[in-house]
Amino acid sequence: MNQLEVCFSPELIHLHDLEGKIVVVVDIFRATSTMIAALANGIEEIQTFADLESCRSMREKGYLIAGERNGKTVEGFDLGNSPVAFLEEYYGGKKLAMTTTNGTLAISKSQSADEILIGAFPNFSSSIRYIQAQQKDVLIHCAGWKGRFNLEDSLYAGALAKALEGTHSSDDDGALAMKTLFEKEGHQLKQYLSKASHAKRLQNQGIEKDIDFCLTLDLYYLVGKVVNDRVRPISF
């Protein structure tokens, strides 16, 4: 069987060997969920940036620019980090440049992986099918919150570990712990994650619709994959 492990923060990714592995970057609230929503609604590619100015400069190249810091849209950007915003119209053929507090940093720190996938609940089953078809070891890279552990990304890691247990085994304590937590709380995902600190930050900003979207399973049948430094949609 292939192996599965979990990295709980970009600050810990240097402790893991990424070569030859599929790295699933996950930032449930909200970057990776937003990317899947954007791809499902016509965005043909997403270029991610760790810093604001590099992202801002992409407007001159015809990109829509999306910027978020501390949960809020950056002034002067077309969009923030709301998945629901990408459901309001069809973005067919457009390209997006995106920078967020946590998720885009995790992508930038995963570059030595064999493949990088974008993890989210709205395309969960498609990601499972894709991973199983590749027959490679998997590392789930949780974006966390400013270098710290967070509950929603880690619980997604547990869900993925549970779904892949027929093809991927793990001697990783983090994966075991999160799979056990998902087995206990996965049936009430929205209720349980409403307690998470970042969910409370978002609730305080009045964007409960984003939270509901981010925790909805299998809205789309596509995979988000980094190809030539761009996140692109793959039907699967």
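As a basis for the values below, the full set of heavy atoms in this structure was taken, side chains included, without hydrogen atoms, waters or symmetry mates.
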A.B. asks: Any chance NZ of Lys184 has more than 12 other-residue heavy atoms, nucleotides or ligands included, within less than 6.0 Å?
C.D. replies: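 Counting neighbours around NZ of Lys184, 12 or fewer heavy atoms of other residues, nucleotides or ligands fall under 6.0 Å, so no.
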A.B. asks: Does the Ser169 side chain pair with the main chain of Gln3, one donor and one acceptor, at a distance under 3.5 Å?
C.D. replies: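 Here the side-chain-to-backbone pair does not exist.
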A.B. asks: Who passes side chain to side chain donor-acceptor pair (under 3.5 Å) against Thr216, sequence neighbours left out?
C.D. replies: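 Result, side chain to side chain donor-acceptor pair (under 3.5 Å) vs Thr216: none returned.
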A.B. asks: Under a 4.5 Å side-chain heavy-atom rule over Ile, Leu, Val, Met, Phe, Trp and Tyr, are Leu193 and Val84 clustered together?
C.D. replies: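 No, separate clusters.
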A.B. asks: For Leu4, is there any backbone N or O sitting under 3.5 Å from a side-chain donor or acceptor partner on Ser170?
C.D. replies: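 Answer holds: yes.
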A.B. asks: Checking Asp27 side chain against Gly103 main chain: does a donor-acceptor pair fall under 3.5 Å?
C.D. replies: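 Confirmed, Asp27 side chain pairs with Gly103 backbone.
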A.B. asks: Looking at every heavy atom in both Ala106 and Pro10, which two are closest together, and how far apart are they?
C.D. replies: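 Smallest interatomic distance, heavy atoms only, reads CB-CG, 4.0 Å.
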A.B. asks: Can you find a heavy atom in the side chain of Thr101 that is under 4.5 Å from one in the side chain of Glu68?
C.D. replies: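 SC-SC contact between Thr101 and Glu68 confirmed.
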A.B. asks: Is a donor on one side and an acceptor on the other found under 3.5 Å between the side chain of Lys21 and the backbone of Asp17?
C.D. replies: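 Confirmed, Lys21 side chain pairs with Asp17 backbone.
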A.B. asks: Strictly distance-based, threshold 3.5 Å: is any side-chain N or O of Ser126 a donor or acceptor partner for the main-chain N or O of Asn123?
C.D. replies: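 No; zero donor-acceptor contacts below 3.5 Å.
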A.B. asks: Does atom CD of Gln188 have more than 12 heavy-atom neighbours from other groups under 6.0 Å away?
C.D. replies: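 Check passes, neighbour count above 12.
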A.B. asks: State plainly whether one hydrophobic cluster holds both Tyr63 and Val226, where clusters connect Ile, Leu, Val, Met, Phe, Trp and Tyr through side-chain heavy atoms under 4.5 angstrom apart.
C.D. replies: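 Not linked; separate clusters.
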A.B. asks: Taking a hydrophobic cluster as the set of Ile, Leu, Val, Met, Phe, Trp and Tyr residues connected by side-chain heavy atoms closer than 4.5 Å, whether directly or through intermediates, do Leu64 and Val74 fall within one such cluster?
C.D. replies: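 As far as the 4.5 Å side-chain criterion goes, Val74 and Leu64 are not connected within one cluster.
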A.B. asks: If we ignore hydrogens and angles and just use 3.5 Å, is the side chain of Thr32 paired with the main-chain N or O of Gly119 as donor and acceptor?
C.D. replies: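 Side chain of Thr32 to backbone of Gly119, a donor-acceptor pair under 3.5 Å: yes, one is there.
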A.B. asks: Do Glu44 and Lys95 touch side chain to side chain, with heavy atoms closer than 4.5 Å?
C.D. replies: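 Counting from C-beta outward, Glu44 and Lys95 do come under 4.5 Å.
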A.B. asks: Could you point out which residue of Thr100, Ile118, Ile46, Val23 forms a side-chain contact (heavy atoms from CB on, under 4.5 Å) with Ile107?
C.D. replies: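 When Thr100, Ile118, Ile46, Val23 are each tested with Ile107, the side-chain contact (heavy atoms from CB on, under 4.5 Å) holds only for Ile118.
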A.B. asks: In the structure I gave you, are the side-chain heavy atoms of Val6 and Cys142 within less than 4.5 Å of one another anywhere?
C.D. replies: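 Of all side-chain heavy-atom pairs linking Cys142 with Val6, at least one is under 4.5 Å.
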A.B. asks: Assign the ring pair Phe121 / Tyr156 to parallel, tilted or perpendicular, where the plane angle (0 to 90°) is split at 30° and 60°.
C.D. replies: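 Phe121 and Tyr156: perpendicular rings.
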A.B. asks: How about Ile234 and Leu222: do any of their side-chain heavy atoms sit closer than 4.5 Å?
C.D. replies: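 Sidechains of Leu222 and Ile234: no contact.
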A.B. asks: Side chain of Ser33, backbone of Ala120: donor and acceptor closer than 3.5 Å?
C.D. replies: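 Between the backbone of Ala120 and the side chain of Ser33 there is no qualifying donor-acceptor contact (under 3.5 Å).
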A.B. asks: Should Asn2 and Val138 count as side-chain neighbours, where that means a heavy-atom distance under 4.5 Å?
C.D. replies: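 No. Closest side-chain heavy atoms not under 4.5 Å.
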A.B. asks: Taking Phe236 as the fixed residue, which of Tyr221, Phe124, Tyr220, Tyr130 is the one that meets the ring pair (Phe, Tyr, Trp, His ring centres under 6.0 Å) rule?
C.D. replies: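 Only one of Tyr221, Phe124, Tyr220, Tyr130 forms a ring pair (Phe, Tyr, Trp, His ring centres under 6.0 Å) with Phe236, namely Tyr130.
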A.B. asks: Mark yes or no for whether Ser54, through its side chain, and Phe49, through its backbone, hold a donor-acceptor pair below 3.5 Å.
C.D. replies: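 Not confirmed, Ser54 side chain does not pair with Phe49 backbone.
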A.B. asks: State whether the side chain of Arg30 and the backbone N or O of Gly71 hold a donor-acceptor pair below 3.5 Å, judged by distance alone.
C.D. replies: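 Judged by distance alone, yes, a pair lies under 3.5 Å.
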A.B. asks: Val26, Leu160: one ILVMFWY side-chain cluster at the under-4.5 Å cut-off?
C.D. replies: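 As far as the 4.5 Å side-chain criterion goes, Leu160 and Val26 are connected within one cluster.
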A.B. asks: Indicate yes or no: at least one non-hydrogen side-chain atom of Glu5 is less than 4.5 angstrom from one of Asp171.
C.D. replies: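 They are not in contact (no side-chain heavy atoms under 4.5 Å apart), so the answer is no.
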A.B. asks: So which pairs with a foot in residues 132-150 pass salt bridge (charged side-chain N to carboxylate O under 4.0 Å, His left out), sequence neighbours left out?
C.D. replies: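 Qualifying pairs, neighbours excluded: Asp114-Lys136, Glu115-Lys136.
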A.B. asks: Quiz question: by atom type and distance under 3.5 Å, do the side chains of Thr99 and Arg69 form a donor-acceptor pair?
C.D. replies: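 Side-chain D/A pair, Thr99 to Arg69: present.
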A.B. asks: Roughly how far apart are Leu155 CG and Phe182 CZ, rounded to 0.5 Å?
C.D. replies: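 Taking CG in Leu155 and CZ in Phe182, the distance rounds to 6.5 Å.
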A.B. asks: Compare all side-chain heavy atoms of Asn150 with those of Phe8 and state whether any distance is below 4.5 angstrom.
C.D. replies: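 Not in contact.
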A.B. asks: So do the side chains of Ile116 and His141 get within less than 4.5 Å of each other, counting heavy atoms only?
C.D. replies: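 Heavy-atom side-chain distance check fails, nothing below 4.5 Å.
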